[in-house]
2 protein chains.
Amino acid sequence: MRVLKYAILGLLDKGSLSGYDMTSHFKAELGQFWSAKHSQIYPELKKLTDEGFIEFETVIQGSKLEKKVYSITAAGKRELHEWLTAYQPVPNTVKDEFMLKAYFISAMEPGEAEGLFADQLAKRKQKAAFLKERLEELKQEAGPEFSFQSPHFGHYLVLTRALERENGYCNWLKKALELMKRG
Amino acid sequence: MRVLKYAILGLLDKGSLSGYDMTSHFKAELGQFWSAKHSQIYPELKKLTDEGFIEFETVIQGSKLEKKVYSITAAGKRELHEWLTAYQPVPNTVKDEFMLKAYFISAMEPGEAEGLFADQLAKRKQKAAFLKERLEELKQEAGPEFSFQSPHFGHYLVLTRALERENGYCNWLKKALELMKRG
DNA sequence: GGAGACATGTAAAATGTTACATGATTAC
DNA sequence: GTAATCATGTAACATTTTACATGTCTCC
């Protein structure tokens, strides 16, 4: 399905970027839902250039350092749009190693399971707090109102979804811990 | 990290199974959070046997059909337990192709985006309804009360988490659609 | 001058999916 | 008999991660 291809086309549709810039985006908010290492990105950029979906310009940073700044072509925009507007099924599996452990909970002692769940809850709470902060920052920057017209709407959608994902996980962990403590 | 290894050890810790049986489990509730194709399972079973974590007995089904029924060894149980009780970080990225599209929403027309989100909401609602049914079935079978002692506790945890995951997604999709419809 | 960020690539290994290949059993 | 399910494997390909490899720029 070559999802990385579309991730790159989507990023370049927002503006020209170097491969290095893309890794930064994957480390930021977008990284909640998609990411790739530079060792995967650089070959993909070469391939997309060969296919005519993107093109680059070499820019000199400082006095020597060469940087390739990529942009999306008309063909690339068509390709991106086709993928974006295609209805796709909900995936059967979204892998979650912690939930795999939860399924095997009977192989642990009660105390061990409680420790595991409590640790996970602490970490998820921390992540939720971090995401909430990022959302507050975005609201500071863009105002508290978001609509389809807002240039930050995509950013807003990703942050709110990630935050609710963590909050939902935390609530479930709390409920599970309560059931465990009752014996 | 060889997570499939631990998935197999965990399944065998609950009881002896053939490779085929494992694919069935990955198609059922557990498949919400982990899965593997038979082409990945069979080589892994061979490897785990070589490593001494599992062993098998050949059983004749009917008059000719050979079936390998695997069981976990003492070494396998130790290995499983070590993984289960290890605290792990929350993953930075949980890949979600739909959310990648959401991030690039500005590359769509309002009507296109609404169609995409409405389609996703319909599909997620359907999945949530299916999971709710499975949970009701489990409660019929095991009673409405679940505790650490219950032999179905792992099953219960996985179903409730999957259901809440879908419900959370649906609520977020509804909110997003409202924002879009306001313009 | 050194640390950390900027910048780009390749190689090897691990993981996961799709396709190829075969045959038995069960229920209709 | 025939379709669906049971049952096991390999081969080829695609994706992803980790490690190898190199060099520049900016700030302190």
Side-chain angles (χ1 to χ4, degrees), chain A residues 1-8 11 16-28 30-31 33-51 54 56-70 83 88-89 91-97 100, chain B residues 1-8 11 16-28 30-31 33-51 54 56-70 83 88-89 91-97 100:
Chain A
M1 225 153 317
R2 286 184 70 191
V3 183
L4 177 59
K5 163 181 162 180
Y6 298 106
I8 290 173
L11 283 171
S16 299
L17 293 172
S18 69
Y20 187 88
D21 295 333
M22 294 175 198
T23 61
S24 308
H25 282 275
F26 287 135
K27 280 175 194 156
L30 178 56
F33 300 105
W34 207 267
S35 68
K37 314 279 182 186
H38 76 273
S39 57
Q40 201 183 357
I41 293 168
Y42 290 118
E44 188 66 35
L45 288 171
K46 194 177 237 177
K47 202 173 175 188
L48 288 171
T49 305
D50 292 345
E51 291 169 330
I54 63 176
F56 69 89
E57 197 190 357
T58 303
V59 172
I60 305 292
Q61 202 77 348
S63 66
K64 278 187 211 166
L65 185 59
E66 289 197 350
K67 180 163 95 156
K68 287 180 184 172
V69 178
Y70 290 87
W83 168 76
Q88 282 169 348
N92 291 316
T93 304
V94 175
K95 289 190 175 179
D96 182 333
E97 194 173 338
L100 187 61
Chain B
M1 226 155 315
R2 286 185 68 193
V3 183
L4 177 58
K5 163 182 162 179
Y6 298 106
I8 289 172
L11 283 172
S16 298
L17 292 173
S18 69
Y20 187 88
D21 296 333
M22 294 174 196
T23 60
S24 308
H25 282 274
F26 287 137
K27 279 174 194 157
L30 178 56
F33 299 105
W34 206 268
S35 68
K37 314 281 182 186
H38 76 273
S39 58
Q40 200 183 357
I41 292 170
Y42 290 119
E44 188 66 34
L45 287 172
K46 193 178 237 174
K47 202 173 176 189
L48 288 170
T49 306
D50 292 345
E51 291 169 330
I54 63 176
F56 68 89
E57 195 191 0
T58 303
V59 172
I60 305 292
Q61 201 77 349
S63 67
K64 278 187 214 167
L65 187 59
E66 289 197 349
K67 182 162 95 159
K68 287 180 185 171
V69 178
Y70 290 87
W83 168 75
Q88 283 169 348
N92 291 317
T93 304
V94 175
K95 289 190 175 180
D96 183 334
E97 193 173 339
L100 187 61

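Order of the sequence lines sets the chain letters (A, B, ...), proteins ahead of strands, with each chain counted from 1. No hydrogens, no waters, no symmetry mates; every other heavy atom, side chains included, goes into these values.
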- [ ] Look at the side-chain N and O atoms of Gln61(B) and state whether any lies under 4.0 Å from the OP1 or OP2 oxygen of dA7(D).
- [x]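 The answer is yes; a side-chain N or O of Gln61(B) sits under 4.0 Å from OP1 or OP2.
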Task: Side-chain N,O (Lys68(B)) to OP1/OP2 (dG9(D)) below 4.0 Å - done: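 For Lys68(B), the contact criterion (side-chain N or O under 4.0 Å from OP1 or OP2 of dG9(D)) is met.
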Please enumerate all protein N or O atoms sitting under 3.5 Å from an N or O of nucleotides 17-19 of chain D, with distances to 0.1 Å.
{"from": "dT18(D)", "atom 1": "O4", "to": "Ser39(A)", "atom 2": "OG", "distance (Å)": "2.5"}

Task: Atom-to-atom span, CG of Leu45(B) to P of dG9(D) - whole angstrom - done: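 Leu45(B) atom CG is separated from dG9(D) atom P by 8 Å.
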Task: Distance, rounded to the nearest Å, where Ile41(B) contributes CD1 and dT17(C) contributes P - done: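 My rounded result for the distance is 11 Å.
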TODO: Evaluate the side-chain proximity of Glu44(B) to Ile41(B): yes if any heavy-atom separation is below 4.5 Å, no if none is.
DONE: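 The answer is no; the side chains never approach within 4.5 Å.
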Open item on the list: Does any part of the side chain of Lys95(A), heavy atoms only, come nearer than 4.5 Å to the side chain of Val3(B), both counted from C-beta?
Closed with: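 No, too far: nothing below the 4.5 Å cut-off.
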Open item on the list: For Tyr70(A) and Phe56(A), take the angle between the two ring planes, folded into 0 to 90°, and tell me which bin it lands in: parallel under 30, tilted 30 to 60, perpendicular over 60.
Closed with: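 Taking Phe56(A) first and then Tyr70(A), their aromatic rings sit tilted (interplane angle of 30° to 60°).
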Task: Shortest side-chain distance from Pro43(A), nucleotide among dA7(C), dT10(C), dT15(C) - done: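 Among the listed nucleotides, the one closest to the side chain of Pro43(A) is dT10(C).
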TODO: Just call it for Lys46(B): base, sugar-phosphate, or nothing, with non-hydrogen atoms closer than 4.0 Å on any strand.
DONE: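 Touches sugar-phosphate only.
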- [ ] Describe, as an angle rounded to 10 degrees, how the axis at the first end of the helix from dG1(C)-dC28(D) to dC28(C)-dG1(D) is tilted relative to the axis at the last end, five pairs per end.
- [x]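 Answer for the end axes of this duplex: 30°.
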- [ ] Return the residues of residues 16-28 of chain A meeting this criterion: a heavy atom under 4.0 Å from some atom of DNA chain D. Order them by number, or give none.
- [x]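 Listed by number, there are none.
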Task: Trp83(A) vs Glu97(B), side chain to side chain contact (heavy atoms under 4.5 Å, CB included): CA-CA, chis, key distance, verdict - done: CA-CA 11 Å; Trp83(A) 168 76; Glu97(B) 193 173 339; 2.8 Å; yes
Open item on the list: Closer than 3.5 angstrom, by distance alone: can the side chain of Asp21(B) be matched with the main-chain N or O of Ser18(B) as a donor-acceptor pair?
Closed with: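 Yes; at least one donor-acceptor contact below 3.5 Å.
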Open item on the list: Taking the nucleotide of DNA chain D with the nearest heavy atom to each, does Trp34(A) or Tyr70(B) sit closer to the 5' end?
Closed with: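 By nearest-heavy-atom nucleotide position, the 5'-most residue is Tyr70(B).
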Task: Chi angles and distances behind the side chain to side chain contact (heavy atoms under 4.5 Å, CB included) call for Glu66(B), Ile60(B) - done: CA-CA 5 Å; Glu66(B) 289 197 349; Ile60(B) 305 292; 3.6 Å; yes
